[in-house]
Amino acid sequence: MDEERKFPDYEQKWQAKWDTTREKASEATTPKGADNFYILSMFPYPSGKLHFGHALPYTLTDSMARYLRMNGKNVLNPTGWDAFGLPAENAAIEQKSHPSKFTYENIAEMRKQQHAFGYSFDWERELFTCKPDYYKWTQWIFLQMLEKGVAYRKTARVNWCTKCNTVLANEQVQTLIKDGEEFQACERCESRVIPKEIPAWYLRITDYADRLLEGLDKLGDDWPERVTSQQRYWIGRSQGVNIDFTAKLGKSEPLTVFTTRADTVFGVTYVALAPEHPLVEQIIEQSDAKKAKQLREFVKEVLTMTEQDRAGGAEKEGIDTSFKAVNPLNGEEVPIFVANYVLMYGTGAVMAVPAHDERDHEFAQEYKLPIKQVIQPTASGKQEAGARSASEGAVKSIEEEAFTEHGKLINSGKYDGLSTPEAIAKIAADLAAEGKGGEKVNYKLRDWGISRQRYWGCPIPVIHCPDCGIVPVPESDLPVQLPDDVDFLPTGQSPLTLHPNFQHVKCPKCGGDAKRDTDTMDTFVDSSWYFLRYTDPHNDAEIFDKAKCAHWAPVDLYIGGREHAILHLIYARFYTKFLHDIGLINFDEPFKRLYAHGLIQGESIRVVNEHMNRYVSPDEFAKLKKDGKAGDGDITRRIEKMSKSKKNGADPTALMAQYGADAVRLAILFLGPGDADSVWDANGMKGPYGFLRRWYDTVLQYAPKVEDLGELPPGLEFSPAAKALRAASHSLIDKVTREFEGRYAFNTAIAQGMALLNDISTFAKAGVEDDASRYALREAFEAMVLTLSPFVPHTAEELNEALGHKESVFSRPWPKADKQAMQLDEVEIPVQVNGKVRGTIMLPREADKATMEKLAMDNDNVQKFVDGKQIVKLIAVPGRIVNIVAK
RNA sequence: GCGAAGGUGGCGGAAUUGGUAGACGCGCCAGACUAAGGAUCUGGUGUCUCACGACGUGGGGGUUCAAGUCCCCCCCUUCGCACCA
């Protein structure tokens, strides 16, 4: 590809102009009206450079913001920086520099790139989560949560990243497989994660579990199913029954189990405890030395694994404690096991029913425990079982396989004959009546641990006083500033602890010597409320002015990646509900509509031969091929997420330098629908770039012919070709408008813009001499400039000017499609015989069925196919099709 | 295993309501201009077939005058979750 631009570079000219003319989002305090639109793309972490992961959402967002403004909407489209976080701290350690330096340098670079892309952000509202004027309010919210009991402190087992030396939320831990070994790893640095017991701050998100679920229902179709279903799963509500067994230790101890299948309680053949279960310690104390040792070792072994590791498919193992538990429903005594497969969920103890639970079945077979069937397949249940057995050959016996579906109770005393749901309800009621349990709801969702033992984050505004205990920092003392001069090498304890002055403080309550909390907050806290601060970003008296916030919030359209489906999006929803509850806002869902954009991937090439075994870039491969060091047979091509190590990345900024911002914006949008993953093609610039060049050339060539024309005079007579062009112009307006009004498949809108340019070329080359044709041509140019302006703002401005407009294309109103002009006088209609197209007929648009049928029958080719046959049926759909059924 | 999204030319993708499958772009082929082309322009391009035509949206069945689109069964791919009792 030629390095040189083939048409003038006018982009900086327009960017400079926009900098001075850009209309600012309104500051009004009136309640949000229909004209206000808050569009937001997830603010970025300042990682260094703008990549495709940013360019796609920002281009989508910018296009929509520009469209909305042209439609007279009052638009808020802010951006900022999710600027606290570990990468900056780790980079600073490596480069012996400071996280803030790394962070602000990256921000400067990325801001420059965003500007070069022509993004129309509300820069005066730019915010930085790492600045005291922002985190003051992050701390303030924490204090509100503390006061309401939503924030609390406890000591618990946490996920500890061995490299970052800090705590990770469950959500930040991922399962990795390396060298055949499966283990739990830090989402960011991929190092091993181990469990550790430390005191930390928690937010009671579990109290909001039901509301978080209900909220999802309300969001309905405005959020993608894949996001809401993931959140539902993550919250993991399960409705079941607590049943109080009795553990026969020295004295009787209550042993409560949680089950969703209370109907199987007569099938219990043992009870299994999680190693963390409080009763385990008592059991060990009361066991003989040998058993106690055995149990201790087992518990220790299991607890050195993270929960995820334990779940990772290890063999089911357990130890018979030799103690018994009594089933409250039938008085049976069953052995108590401690088992690795039981998690500290629900009560941390399960009633094991091998006949009707796969896990218990597996365990029972291993330890030769009885399997007692208490549920029988019913007619409807059998149907499913039957379908399965048909494929597997035979119905398996209960010894071979657990029957886990619903059915009818047997061997269950007075409950015999009841169905699963009936039995669950009855048993729950009976237990409740006797005070031995009852209905219970559990959630997978855990409270959110937010303490981090690292430096580059928001300090937690509390003081630990030896006399008064935990004392919140008084609001007037906020923010608790993060000191600059801290040695933040990760040692496992919070760097702030090492600062000479930071932690030494007088207790605000008693005035005695006390210590500040030296942990910082998880950065997900910072991003859980930033969208509200944008509505009043410079307020230093309060978190935001309620009325100003109400002028914009909630966000109408939130654009971001799917990787945030659970983490950020569930935390932000939780924060919004909390802020609603303390009366700051009058809505409790932050994002009305969520648009989850896709991932732009790249094709990687891996060469494996006698010379090498590594990833190469396409250029490298071409060279290797030329040098005879690699051939097509030696390579594996794979579509993967772009990454440096796989050499499959493309740099949007480099492409922008070569082809211009508009061409890159267009190429990104043209790749495919924005919500689908797509693959970047090295040739992906050619089409869009060539289109912009042809468009530019065509407008400049014909502008002199059309620039003196005013408004379209009424009653103009158009030639058929001019009418066709007008139809194409108005169809484009209609098409682009519809895409912006909800579907957002801009690739198809752009395709139609390209098609109109093709039509224009054909039309113009045929000669444009009469006035009507000149008007039609002008109309086509205008339609293109206006409808494509949100995607390629610089080119649109330039061509708008070339067409003689003095004002910016963005201060012109969005065009309206003329439905009349979209219609052609004559339409081509396919004629089918027995469902196969045998010809087409041209006929007036308003032709009735009879005319269609007659013309269809007159068609020569159609005649050939119906000749000698009897016409059974004639279907004519006006404007669509004629189908002749002949025998 | 569970949940979600997908499977259409050589490739990215279109077909929004059941109505001419393959818009638009890339690539490819031919031609023009040219000292030259990895530039630009013009035309062509689903497969098979000289052609008439036949076939064609992962596979199989069904509904319909008509199915990429609706219904049933199956296969495959990607993503997320995965002992939550």
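As the structure is a prediction and not an experimental result, all values here were calculated from the model. Residue numbering restarts at 1 for every chain, and letters A, B, ... go by the order of the sequence lines.
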Value in whole Å for how far the P atom of B/rA5 lies from CD of A/Gln230: 12 Å

Residue closer to the 5' end of RNA chain B, A/Ile884 versus A/Thr260 (nearest nucleotide): A/Ile884

Please tabulate the protein-to-nucleotide N/O contacts below 3.5 Å involving nucleotides 18-22 of chain B, giving atom names and distances.
from   : atom 1 : to       : atom 2 : distance (Å)
B/rU20 : O4     : A/Glu828 : OE1    : 2.7

Interatomic distance, A/Gln752 atom CD to A/Asp734 atom CG [nearest 0.5 angstrom]: 8.5 Å

A/Ser238 and A/Asn442 side chains, donor-acceptor separation under 3.5 Å: no

Sugar-phosphate only, base, or nothing, as touched by A/Asn442 at under 4.0 Å among non-hydrogen atoms: nothing

Using atom names, set out every protein N or O paired with an N or O of nucleotides 48-55 of chain B below 3.5 Å, distance rounded to 0.1 Å.
from   : atom 1 : to       : atom 2 : distance (Å)
B/rA54 : OP1    : A/Arg838 : NH2    : 3.2
B/rA54 : OP2    : A/Arg838 : NH1    : 3.2
B/rC55 : OP2    : A/Lys836 : NZ     : 3.3

Atom-pair distance (CG on A/Leu669; P on B/rG12), nearest Å: 19 Å

Same-atom distance (P) from B/rC52 to B/rU20, integer angstrom: 22 Å

CD (A/Gln365) with more than 12 external heavy atoms under 6.0 Å: yes

Heavy-atom side-chain contact between A/Leu725 and A/Ile760 under 4.5 Å: yes

Distance, C1' atom - from B/rU40 to B/rG56, rounded to whole angstrom: 36 Å

Any A/Tyr345 side-chain nitrogen or oxygen under 4.0 Å from OP1 or OP2 of B/rA85: yes

side-chain contact (heavy atoms from CB on, under 4.5 Å) partners of A/Asp681, counting only residues at least two apart: A/Asn683

Sugar-phosphate only, base, or nothing, as touched by A/Glu739 at under 4.0 Å among non-hydrogen atoms: base

Same-atom distance (P) from B/rU78 to B/rC70, integer angstrom: 24 Å

Under-4.0 Å side-chain N/O to phosphate OP1/OP2 contact, A/Asn747 with B/rA14: yes

Identified side-chain hydrogen bond (donor to acceptor under 3.5 Å, both in side chains) partner of A/Arg261 from the options A/Asp263, A/Thr264, A/Thr259: A/Asp263

Touch class at under 4.0 angstrom, heavy-atom based, for A/Phe670 against every strand present: base

Sub-6.0 Å ring centroid separation between A/Phe791 and A/Phe670: no

Nearest-angstrom distance, C1' atom, B/rG10 to B/rG27: 7 Å

Rounded interatomic separation in angstrom, taking CD from A/Glu225 and C1' from B/rA5: 10 Å

CD/A/Glu439: more than 12 non-hydrogen atoms of other groups inside 6.0 Å: no

4.5 Å side-chain heavy-atom contact, A/Phe865 and A/Asn861: yes

Atom P, compared across B/rA23 and B/rG12: separation rounded to whole Å: 15 Å

Sugar-phosphate, base or nothing in reach of A/Val885, heavy atoms under 4.0 Å: sugar-phosphate

Test item: A/Phe298 and A/Glu317 side chains (from C-beta on) under 4.5 Å apart, heavy atoms: yes

Minimum side-chain heavy-atom gap A/Pro673-A/Phe746 below 4.5 Å: no

C1' spacing across the pair B/rA67 / B/rC50, given as an integer number of angstrom: 33 Å

Atom-to-atom span, CZ of A/Arg693 to C1' of B/rA39 - whole angstrom: 9 Å

A/Met351 vs A/Val353 side-chain heavy atoms within contact, under 4.5 Å: yes

Within 45° cone and under 6.0 Å: A/Lys372 NZ/CZ vs A/Phe266 ring: no

Modelled atom types, side-chain donor and acceptor of A/Thr748 and A/Glu739, under 3.5 Å: yes

Out of B/rC41, B/rC83, B/rG13, whichever nucleotide has its closest atom nearest the side chain of A/Ser678: B/rG13

Chi class for B/rG22: syn within 90° of 0, otherwise anti: anti

Nearest to side-chain heavy atoms of A/Ser229, which nucleotide of B/rA85, B/rA82, B/rA4: B/rA4

Sugar-phosphate, base or nothing in reach of A/Arg232, heavy atoms under 4.0 Å: nothing

Base-pairing string, 5' to 3', of RNA chain B - Watson-Crick or wobble, under 3.5 Å, | interstrand: (((((((..(((......[....)))((((((.......))))))(((....)))..(((((..]....))))))))))))....

Length of the CD-C1' vector between A/Gln231 and B/rC81, whole Å: 14 Å

Sugar-phosphate, base or nothing in reach of A/Asp360, heavy atoms under 4.0 Å: nothing

Minimum-distance nucleotide to A/Thr748 side chain [options: B/rA85, B/rA15, B/rC65]: B/rA15

Ring geometry between A/His564 and A/His568 (parallel below 30°, tilted from 30 to 60°, perpendicular above 60°): perpendicular

P atoms of B/rC74 and B/rA66, separation to the nearest Å: 27 Å

Residue A/Arg226, side-chain atoms from C-beta onward, closest of B/rA5, B/rC24, B/rA85: B/rA5

Between C1' of B/rC2 and NZ of A/Lys444, the distance in whole Å: 9 Å

Earlier contact from the 5' end, RNA chain B, for A/Pro673 and A/Gln752: A/Pro673

A/Leu343 CG - B/rC81 P separation (whole Å): 17 Å

A/Asp217 atom CG, over 12 foreign heavy atoms within 6.0 Å: yes

Under 3.5 Å, N/O pairs linking protein and nucleotides 26-29 of chain B:
from   : atom 1 : to       : atom 2 : distance (Å)
B/rG27 : OP1    : A/Lys686 : NZ     : 3.2

Counterpart residues, ring-ring contact (aromatic ring centres under 6.0 Å, His included), relative to A/Tyr270 (two or more places apart): A/Phe337, A/Phe363

Atom C1', compared across B/rU45 and B/rG25: separation rounded to whole Å: 14 Å

Phosphate-side-chain proximity, A/Arg743 and B/rA15, N/O vs OP1/OP2 below 4.0 Å: yes

Length of the CZ-P vector between A/Arg738 and B/rU17, whole Å: 10 Å

